[in-house]
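Heads up: the structure comes next, in structure tokens.
Per chain, numbering begins at 1; letters A, B, ... match sequence-line order. All figures in this text were calculated on a predicted structure; none of them were measured in a lab.
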Amino acid sequence: MSNEIMSELRKDYIYNLMIKGEREDGRKFDEYRDIKIDTNVIEKAEGSARVRLGDTLLVVGVKIQTGTPFPDTPDKGVIITNLELLPLASPMFESGPPREDAVELARVVDRGIRESESIDLSKLCITAGEKVWMVFIDVHVLDDGGNIMDAASLGAIAALMTGKLPAKRFDVGEDSPIPMRDVPVAVTAVEIGGTIMLDPSLNEQSIAGTKLTVISNQDGGISGMQKSGVNPLTTEQINYIVDAAIEKAKELRQKFLEI
Amino acid sequence: MSNEIMSELRKDYIYNLMIKGEREDGRKFDEYRDIKIDTNVIEKAEGSARVRLGDTLLVVGVKIQTGTPFPDTPDKGVIITNLELLPLASPMFESGPPREDAVELARVVDRGIRESESIDLSKLCITAGEKVWMVFIDVHVLDDGGNIMDAASLGAIAALMTGKLPAKRFDVGEDSPIPMRDVPVAVTAVEIGGTIMLDPSLNEQSIAGTKLTVISNQDGGISGMQKSGVNPLTTEQINYIVDAAIEKAKELRQKFLEI
Amino acid sequence: MSNEIMSELRKDYIYNLMIKGEREDGRKFDEYRDIKIDTNVIEKAEGSARVRLGDTLLVVGVKIQTGTPFPDTPDKGVIITNLELLPLASPMFESGPPREDAVELARVVDRGIRESESIDLSKLCITAGEKVWMVFIDVHVLDDGGNIMDAASLGAIAALMTGKLPAKRFDVGEDSPIPMRDVPVAVTAVEIGGTIMLDPSLNEQSIAGTKLTVISNQDGGISGMQKSGVNPLTTEQINYIVDAAIEKAKELRQKFLEI
Amino acid sequence: MICVYEIIKNEEEKRKFMVKPEKLIENGIRLDGRKPDELRPIKIKVGVLNRADGSCYFEFGANKVIAAVYGPREVHPRHMQKSTSAVVRYKYNMASFSVEERKRPGPDRRSIEVSKVSREALEPVIFQEYFPRSAIDIFVEVLQADAGTRTAGINAASIALADAGIPMKSLVSACAVGKVDDTLVLDLNKDEDNYGQADMPIAMTPDGKITLLQMDGHLSSDEFKEGLEMAKKGCLEIAQLQRAALLEKYSSKIEGESNE
Amino acid sequence: MICVYEIIKNEEEKRKFMVKPEKLIENGIRLDGRKPDELRPIKIKVGVLNRADGSCYFEFGANKVIAAVYGPREVHPRHMQKSTSAVVRYKYNMASFSVEERKRPGPDRRSIEVSKVSREALEPVIFQEYFPRSAIDIFVEVLQADAGTRTAGINAASIALADAGIPMKSLVSACAVGKVDDTLVLDLNKDEDNYGQADMPIAMTPDGKITLLQMDGHLSSDEFKEGLEMAKKGCLEIAQLQRAALLEKYSSKIEGESNE
Amino acid sequence: MICVYEIIKNEEEKRKFMVKPEKLIENGIRLDGRKPDELRPIKIKVGVLNRADGSCYFEFGANKVIAAVYGPREVHPRHMQKSTSAVVRYKYNMASFSVEERKRPGPDRRSIEVSKVSREALEPVIFQEYFPRSAIDIFVEVLQADAGTRTAGINAASIALADAGIPMKSLVSACAVGKVDDTLVLDLNKDEDNYGQADMPIAMTPDGKITLLQMDGHLSSDEFKEGLEMAKKGCLEIAQLQRAALLEKYSSKIEGESNE
């Protein structure tokens with residue numbers, strides 16, 4: 001009960017701010033919280049990044065090993081993305097098998113990388129049909145301050161861009177960078193009382209009901225989208241978010257993901 | 001509580017009918033409900049059948065792939081039978097790992113096919129010790145109207161008899177029928193108040209306490225039996241059921257499983 | 001509640017006995033309960049032992065098969081130890097995935113064998129990098145009368161010492177004994193009211209809060225230790241237990257594990 | 001060297017046995033004869049199951065799905081109850097035999113995600129507050145899959161909810177739009193899904209509110225907007241068929257009740 | 001090409017290391033020296049465990065099983081309680097080392113089925129209505145398997161129930177009949193099970209009520225009836241040994257209590 | 001022939017990519033430049049997480065762990081409640097990327113044991129009786145592992161408990177002692193752990209009570225006693241750093257609050 005009252009109060013508070021054109025942390029509606037990305041923070045991983053996005057904190061580790069390709073793509077490497085909402089990150093996350101939220105987040109991060117063709121999978125082939133590079137991207141969420149999606153996506157790309165193929169250790173040549181050819185960036189928006197806000201905080205996200213994530217590429221094209229949550233959106237809202245997200249992605253890419 | 005009262009009332013009702021020589025749906029004691037079998041209903045499966053037995057509805061799909069034989073039977077194919085009591089089929093079936101009923105049903109269907117030697121396993125060998133056909137028989141129960149056992153058995157045999165080995169797709173020759181050499185048929189009976197009834201409806205089955213399934217072959221021999229439920233049976237009851245089941249199996253085979 | 005009262009009473013009883021220098025079953029503080037070890041009790045296993053230690057009863061079975069070595073130890077065999085606290089052994093043991101106690105016991109037994117180098121793993125190699133012996137040690141606890149740890153350890157070593165490598169069955173030569181080169185023995189102590197007692201009974205163990213197991217070798221050296229339980233121990237208590245355990249292990253080894 | 005093939009192959013339907021066609025659209029006509037903005041044939045049967053409170057069989061091209069609804073009913077386990085509304089649960093499941101290469105039974109990560117977004121596609125139209133402390137359970141079983149199973153499932157579930165008498169603000173309709181050979185096309189088939197450039201399933205209420213939106217692949221911002229309009233038109237067409245099927249059942253109960 | 005060997009080999013004990021004998025019966029005598037209607041040697045010890053409320057060690061030829069009974073006791077989880085009778089649970093488990101090729105620990109589909117039919121074989125003789133809301137738990141552990149473990153388990157469990165003081169209408173006895181070299185034989189051993197033509201385990205009360213009946217293989221209707229009579233005779237023989245073992249324990253408590 | 005590599009490799013961190021150095025100690029100096037009784041560099045940050053009630057980031061050589069504490073809070077599931085004290089739970093988890101060869105996510109037997117002994121190492125200092133029917137949850141996440149993760153985790157968890165305001169009798173400090181090249185050394189690094197002769201992690205209260213003690217390898221009785229003293233000295237050094245880190249946070253809140 002007391003939780004429900006708290007939730008009502010928070011909703012009123014944020015809603016009233018919004019009417020005045022404000023957000024609880026003083027940001028503009030299209031403004032992101034502070035972002036800090038540190039790479040190569042885990043020396044034992046082939047690539048890694050620690051991302052702070054406001055109060056959200058997560059670590060992405062990339063492990064790379066050799067393995068056998070899929071029968072239907074004998075000349076392509078394999079990407080596997082996993083995301084854990086660790087119980088230390090929030091009182092809401094319990095131990096046990098991954099919740100549907102974690103599965104959804106992992107799959108959207110994965111599709112963002114895969115569908116944007118940001119990694120050149122054919123360059124992950126070592127011997128066609130026999131041996132390819134398997135890239136495991138593991139996202140460990142340590143502190144949930146809202147908008148894990150964008151933080152995870154930033155972290156995954158940052159870790160990949162600064163990672164390497166450990167060819168020497170596997171005795172298949174010299175180490176080399178992971179063959180990247182695009183830099184997809186996820187931008188997530190919520191709608192509250194008719195107003196669109198980017199990078200929702202935990203409170204904003206909890207009252208918004210629905211998020212829309214748009215992943216766009218260097219050329220401004222869209223490589224992934226995901227609506228998550230029970231509230232419907234209108235076409236106008238969606239189109240507005242798409243345009244805002246593509247714009248914001250350019251800014252984030254330039255600021256944080258230039259090689 | 002109300003469930004228990006309902007169950008008592010149903011019991012009285014069916015019991016009183018039985019004394020008058022009747023069943024709730026007007027059938028004779030050795031009469032089956034309407035049966036409708038459609039084959040090749042799933043084009044992507046190598047064999048398939050949809051079976052209606054009264055209110056019971058299920059789909060059997062047979063998938064066939066190549067695989068490695070067991071070390072102790074290097075020249076024989078492999079049959080794997082699975083049965084799912086899907087939660088859409090009954091308010092009693094919940095999601096999660098298969099219940100013991102589903103395991104028992106799957107294993108009895110499997111033994112009916114395996115022990116009757118209805119499939120010639122040696123003809124499923126492609127290269128001895130290396131490559132054989134693996135036949136997966138999956139039974140999906142969509143609506144539980146009682147006597148799933150007999151419906152599943154009919155569906156499995158019908159799907160196998162109209163299925164094919166996809167040799168072309170696996171690049172090991174031309175497609176051919178699944179090598180069948182017998183047509184086992186399961187007949188299930190219950191005992192209520194000293195009377196034996198074949199093909200129990202959901203209500204009959206729920207008050208009977210014990211079912212006896214007899215699987216018999218073209219030559220009238222028995223290839224499988226399973227008593228299921230907590231009530232004991234006398235030798236006389238069992239022998240009566242065995243004779244009735246063999247007789248009924250002939251009828252069902254002739255009517256529904258002639259090639 | 002009544003359980004808690006019972007537990008309080010038992011605690012008082014054992015504590016008062018201890019003050020008088022006595023134990024509930026009349027033993028001295030450093031005395032073990034009766035031990036009976038029978039080997040080769042399971043003919044289908046490659047090695048086996050049934051151990052009674054007071055009221056505790058367990059069976060250890062050793063199964064040996066060929067398998068592939070680990071990539072980092074291509075010329076060494078593999079030991080895998082498993083322990084099940086079967087629900088028939090105690091009202092406290094429920095079915096389901098192994099409890100943390102079972103996992104701890106299995107791992108301590110395993111380390112006792114592995115770290116003492118009691119099995120010469122390099123003699124378990126058949127073809128380096130390709131084929132080695134895999135030794136599965138399974139401990140089935142049938143009756144929990146306390147101090148499962150020491151009984152399991154005795155049983156594992158006794159089963160190994162009387163077991164054989166089934167080379168004939170796997171077509172890799174003649175059968176031979178398992179290559180043993182040491183005889184580690186686990187001795188477990190508890191501290192109750194400042195007094196150290198070896199081989200705790202179920203009651204003693206339940207009130208003691210903490211056990212310390214010391215595994216020692218033929219040369220009197222220590223090859224494993226494990227403190228288990230929430231009560232702390234002082235350095236003096238630990239050192240006393242270490243000396244007593246090494247002494248007692250010699251006695252047990254001589255009495256029960258001479259080849 | 002390790003092999004994760006086992007893990008992965010249960011995740012997504014594999015394309016092992018297929019060969020990429022040279023062209024997917026020729027002279028403005030797709031390989032299956034459709035125009036770019038044309039849906040595949042749809043077949044709907046309402047109330048096909050006896051035990052379920054509501055049910056629907058839905059064919060969408062070669063997709064064959066069946067949806068069943070139970071509820072409002074008691075919630076197990078109890079701690080999942082909500083004190084002010086019903087909890088809606090959605091379970092999407094693919095039969096092992098529904099795809100070319102046999103799928104291992106049981107849920108995988110893909111089906112968990114599909115179940116989540118499909119549930120969220122339907123929740124907005126259900127009057128959940130009418131049934132506090134109870135559950136509305138939706139089960140969708142895919143008997144044959146051919147690209148578009150999640151939209152077929154939502155279409156079927158929407159009808160099954162109505163058939164179960166669950167109070168709803170409206171139906172929900174769903175279909176995908178995609179890009180193949182640089183052309184936007186409605187309702188991708190399997191080949192178009194495998195070899196196309198983008199896939200975007202949506203679900204919509206009749207008044208144009210979007211309740212599901214996902215996208216994979218490559219679309220420019222303009223293509224996206226155009227595609228969204230095309231998908232909306234497709235949804236409206238489907239909505240008419242859904243209404244017709246429900247009407248048919250309730251006008252002529254005799255015909256629609258039992259035979260599939 | 002896939003390999004399901006991993007899944008399957010845990011299902012059934014494999015016959016990898018065996019070679020089929022040329023004849024299983026010669027001059028009316030079976031390979032282990034028995035006549036067709038002769039049981040394997042049986043050894044019974046009652047009350048072999050301290051913690052359990054009742055227990056029994058049972059050897060049936062080379063089979064070695066141990067049964068323990070706990071109860072009546074509280075039911076966990078609560079929702080499994082029955083308001084008017086005890087719930088009976090039966091867990092059949094094979095030790096990893098009980099068979100030629102090591103079995104992976106834990107339940108598989110075979111042990112789930114064996115547990116179910118074994119429980120149903122014993123339920124009819126237990127006065128469950130005496131203990132509403134409680135559980136009677138039966139655990140059967142197979143230490144060595146050699147064809148006939150489910151019947152050995154039922155025989156042991158029946159005695160363990162009596163040893164635990166659970167009120168019963170009668171004991172239950174179980175054995176199998178089979179067909180090898182076209183001859184009906186009682187109580188199949190491993191070779192006869194592997195290379196025989198039929199296997200039919202039954203369980204029975206002393207007054208001839210059948211509480212378990214399963215059959216695999218090939219039998220004519222007449223063979224079945226004849227076999228059923230042979231199995232019933234076997235069960236009666238076993239019933240006498242079961243009674244004798246219980247009597248021995250309760251007449252000479254000193255002897256039977258602790259040493260196995 | 002079977003392969004259990006899959007099972008095993010998740011159990012223990014593998015040493016696939018390492019080569020044994022010829023000597024681990026040369027002229028009394030270890031390969032990483034330390035003297036035998038010297039700890040690796042330690043770095044502590046208190047209160048690094050916002051959501052958790054208490055938290056601590058702890059670097060111990062190349063080990064990087066983070067501990068979070070939630071509680072006292074409600075216990076789920078309810079039947080785990082204790083009526084007279086809090087239940088303490090400890091979950092040790094290694095990130096997949098924390099080791100050379102990727103670890104499969106989720107608990108394995110090793111992490112279950114580490115969680116158990118770590119919990120037991122901390123329980124003696126927590127006033128559990130102050131919070132009946134509640135839970136104190138400790139989560140330890142290993143971001144990078146380099147021998148000594150369990151002791152690093154206990155050190156971090158002890159600080160996180162204090163940071164969460166859980167009433168404690170004292171802190172707990174932990175480190176390992178081992179034997180390499182026949183010499184006792186404090187706080188093994190990865191190479192020393194892999195190629196050494198013994199490894200013995202301990203945990204201790206400031207007044208010398210041992211709350212965790214494990215040992216693997218080969219030690220004489222005298223070496224053990226000497227090693228125990230060496231480990232105790234190490235624990236006292238760590239205790240001072242733990243206290244300093246806590247003091248620093250509470251004296252200069254501005255500095256210690258957010259930046260890691």
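Ranking A/Ile238, A/Asn231, A/Val108, A/Ile246 against chain D, the residue ahead of the rest is A/Ile238, based on heavy-atom pairs under 4.5 Å. Per-residue heavy-atom pair counts under 4.5 Å with chain A were compared for D/Gly217, D/Ala198, D/Pro124, and the maximum is reached by D/Gly217. Taking A/Ser228, A/Gly224, A/Ser223 one by one and counting their heavy-atom pairs under 4.5 Å with chain D, the maximum is reached by A/Ser223.
With sequence neighbours excluded, the residues that form a salt bridge (Lys or Arg N to Asp or Glu O under 4.0 Å) with A/Glu100 are D/Arg119.
No side-chain heavy atom of D/Ile112 sits under 4.5 Å from any side-chain heavy atom of A/Arg107. Between A/Arg111 and D/Met215 there is no side-chain heavy-atom pair separated by less than 4.5 Å. A/Asp243 is listed as a side-chain neighbour of D/Lys225, based on a closest heavy-atom distance under 4.5 Å. In this structure, A/Gln226 and D/Val117 have side chains that are in contact, with non-hydrogen atoms separated by less than 4.5 Å. Side chains of A/Gln237 and D/Ile210 form no contact here, defined as non-hydrogen atoms less than 4.5 Å apart. Using a 4.5 Å heavy-atom threshold, the side chains of A/Leu233 and D/Leu213 count as separate. Within the 4.5 Å cutoff, side-chain heavy atoms of D/Arg109 are placed close to those of A/Asn82.
Both the backbone and the side chain of D/Gln214 come within less than 4.5 Å of a heavy atom of chain A. Contacts of D/Ser220 with chain A are made by backbone atoms alone, with heavy-atom separations under 4.5 Å and no side-chain atom involved. In this structure, chain D has heavy atoms under 4.5 Å from both the backbone and the side chain of A/Ile222. Contacts of A/Asn217 with chain D are made by side-chain atoms alone, with heavy-atom separations under 4.5 Å and no backbone atom involved. Interface remark: A/Leu212 contributes side-chain atoms only to the contact with chain D (heavy atom separation under 4.5 Å).
Annotation: A/Gln254, atom CD; neighbour count of heavy atoms from other residues, nucleotides and ligands within 6.0 Å does not exceed 12. Environment of CG in A/Asp171: sparse, with no more than 12 heavy atoms of neighbouring residues, nucleotides or ligands closer than 6.0 Å. The 12-atom threshold is exceeded at NZ of D/Lys169, counting heavy atoms of other residues, nucleotides or ligands nearer than 6.0 Å. Within a 6.0 Å sphere centred on NZ of A/Lys11, other residues, nucleotides and ligands contribute 12 heavy atoms or fewer.
In terms of heavy atoms, A/Thr235 sits closest to D/Gly208 at OG1-O, 4.3 Å. Taking every heavy atom of both residues into account, D/Lys209 and A/Pro232 meet most closely at CB-CB, 3.8 Å. Between D/Ser221 and A/Val242, the closest heavy-atom pair is OG-CG1, 4.3 Å.
Interface with chain D: from residues 114-129 of chain A, residues A/Glu115, A/Ser116, A/Glu117 qualify, criterion being any non-hydrogen pair under 4.5 Å.
The closest donor-acceptor contact from the side chain of D/Lys116 to the backbone of A/Asp101 lies at 3.5 Å or more, if one exists at all. When atom types are taken as modelled, the side chain of D/Glu113 and the backbone of A/Glu104 share no donor-acceptor pair closer than 3.5 angstrom.
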Without placing hydrogens or testing angles, list every side-chain donor-acceptor pair under 3.5 Å for residues 188-195 of chain A, not counting sequence neighbours.
from: A/Thr188; atom 1: OG1; to: A/Asp150; atom 2: OD1; distance (Å): 2.6
from: A/Thr188; atom 1: OG1; to: A/Thr213; atom 2: OG1; distance (Å): 2.8
from: A/Glu191; atom 1: OE2; to: A/Gly194; atom 2: N; distance (Å): 2.8

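Sorted by first and then second residue, the side-chain hydrogen bond (donor to acceptor under 3.5 Å, both in side chains) pairs with a member in residues 172-185 of chain D read D/Ser173-D/Gln242, D/Lys179-D/Glu223, D/Asp182-D/Gln197; sequence neighbours excluded.
Between atom CG of residue D/Asn194 and atom CG of residue A/Asp72 there is a gap of 9.5 Å, rounded to the nearest 0.5 Å.
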Yes or no on side chain to side chain contact (heavy atoms under 4.5 Å, CB included) for D/Leu228 and A/Asn239, after CA distance, side-chain angles and deciding distance? CA-CA 9 Å; D/Leu228 186 55; A/Asn239 287 341; 4.1 Å; yes

